[in-house]
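See below for the structure under consideration.
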2 protein chains.
Amino acid sequence: MNIGDVATRSGLPAKTIRYYEDIGLIAPQRDLNGYRRFRERDLHKLNFLGRARALGFTIEDCRTLLALYEDQSRASADVKQVARDHLARIETKIADLIAMRQTLTELVDACAGDHRPDCPILRDLGGES
Amino acid sequence: MNIGDVATRSGLPAKTIRYYEDIGLIAPQRDLNGYRRFRERDLHKLNFLGRARALGFTIEDCRTLLALYEDQSRASADVKQVARDHLARIETKIADLIAMRQTLTELVDACAGDHRPDCPILRDLGGES
DNA sequence: CTTGACCTTCCCGTGACTGGAAGCCCCATC
DNA sequence: GATGGGGCTTCCAGTCACGGGAAGGTCAAG
C-alpha cells in the first residue's frame, strides 16, 4: 500500500501519517523509488493512533500506549494509569468550560442585543459590574 | 507605571503584556529610557483582556470586543453575536469532551488494572472490541 | 562603585498538525 | 515519444498564545 491507500483506509490525512513517521510512531518500509510502503501492521497501528487521538490522548500518550500495546508482558495497570490521568485532565477541562459557559450564558441572556450601545457583556469585561 | 507594576496589578505576565503590544492590542507610551509607561487606561484595557481571555475568547475576539468597548456608538447586538458564537464553540467542545469522558470512563472501569497483560483499553484502541 | 532588580529586544520552542512550493514517478493517452 | 494528470517525495513556513532564556541597558540602594 502507498500512503494514499492507508490514508483512505485509516481516515488519517497523508500529511499526518508522514508526521507520525517523522516523530517515530510508525516506521513503514520504502520502495526502490522512495515511496513509503505500508503493510497491514502499519495500517493497524495507524488505526490505533487514530482512535487514541480521537479519545484526546496526546501524542506522547499514544507513544506510550503503542509501546504497551506491542509489549506482550505489559501490566494492564500501566495502561489504566495512562487512561486515568488523561481522564482527569478531561474532567478539568470540562469543569473549566462549564464555568465559562455559565458566565457567558448569563451575560448573553442579560444583553438586549439591539441597536443601543448599552451592553452588560462589555460592562462585565470592563470590570464595571 | 512600568510593566512590572501593571503585571502585578492586572495579574498578567509581563511577557504577555509585551505580546499584546506586539500584536497591537495595547499601545503604551515610552519613557526616554525606552521603558514602557502604562497609564490607568492601559491597565484597564489589560484587565479587560484578562477577563475576556479567562472566558476563553480568542485574541481576535478580544480585538473585536475591545474595539466595541471603545466605540460609544456600538450596537449591543454586535457584542452579543461575538459572545454567542463563542458560546457555541464552547458547547461543541463540552459535548466532544463529554463523549470522550464517557468512552474513557467505560474503558477504565472495564480494565482490571493489575499485573496481567489483558486490557480492554488496548483491545478497544486496537479495534478488537 | 558595585550589586541586584528591573527593563529592553531578539530568537527559539511549544502541540499536532496544515498549506504550499519544487520536483520526481508512474500510467494512460495521443 | 511526448504529454498530461495524479500521486509521491522533501523541506519550509505558519498556526495559537504565549514562555524560556540570552545579551545587554537602566535604576535605586548601600
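Numbers restart at 1 for each chain; the letters A, B, ... are given by sequence-line order, proteins then strands.
Checking D5(B), N2(B), L43(B), I17(B) one by one against F38(B), the side-chain contact (heavy atoms from CB on, under 4.5 Å) holds for a single residue, I17(B).
Nearest to the side chain of K15(A), among dG19(C), dC8(D), dC17(C), sits dG19(C).
Atom CD1 of I17(B) and atom P of dG19(D) are 11 Å apart (whole Å). Residue I26(A) contributes atom CD1, which lies 16 Å from atom P of dA16(C) at whole-angstrom precision. For the pair Y19(A) OH and dG20(C) P, the computed distance is 20 Å after rounding to whole Å. Rounded to an integer number of Å, the gap from D5(A) CG to dG7(D) P is 10 Å. Atom-to-atom, CZ of R53(A) to P of dG15(C) comes out at 11 Å; the value is rounded to the nearest Å. We find that CG of N2(B) is positioned 13 Å from C1' of dA28(D), with the value rounded to whole Å. Rounded to whole Å, the distance from CG on D31(B) to P on dC7(C) is 11 Å. Across the protein-nucleic acid pair, D22(A) atom CG and dT10(D) atom P stand 8 Å apart, rounded to whole Å.
Contact annotation: R36(B) side-chain N/O to dC7(C) OP1/OP2 distance is not under 4.0 Å. Residue Y20(A) places at least one side-chain N or O closer than 4.0 Å to OP1 or OP2 of dC17(C). OP1 and OP2 of dG25(D) both lie 4.0 Å or more from every side-chain N or O belonging to Y35(B). Dashed line: the shortest gap from a side-chain N or O of R18(A) to OP1 or OP2 of dT9(D) is under 4.0 Å. A sub-4.0 Å separation between OP1 or OP2 of dT18(C) and a side-chain N or O of T16(A) is present. In terms of phosphate contacts, N33(A) brings no side-chain nitrogen or oxygen within less than 4.0 Å of OP1 or OP2 of dT9(D).
When heavy atoms are screened at a 4.0 angstrom cut-off, F57(A) is found touching no nucleic acid atom at all. Within the nucleic acid shown, R37(B) has no heavy atom closer than 4.0 Å to any nucleic acid atom. Residue contacts shown for I23(A) are absent, as no nucleic acid heavy atom lies under 4.0 Å away.
In terms of position along DNA chain C, the nucleotide closest to G4(B) lies nearer the 5' end than the nucleotide closest to the other residue of the pair G4(B) and E60(A).
Note: F48(B) and Y69(B) have tilted aromatic rings, judged against thresholds of 30 and 60 degrees for the angle between ring planes.
No side-chain donor from either of R36(A) and Q29(A) sits under 3.5 Å from a side-chain acceptor of the other.
Rounding to the nearest 0.5 Å places CG of D124(B) at 9.5 Å from CD of E106(B). Put simply, CD1 on I121(A) and CG on L104(A) are 8.0 Å apart, with the number rounded to the nearest 0.5 Å.
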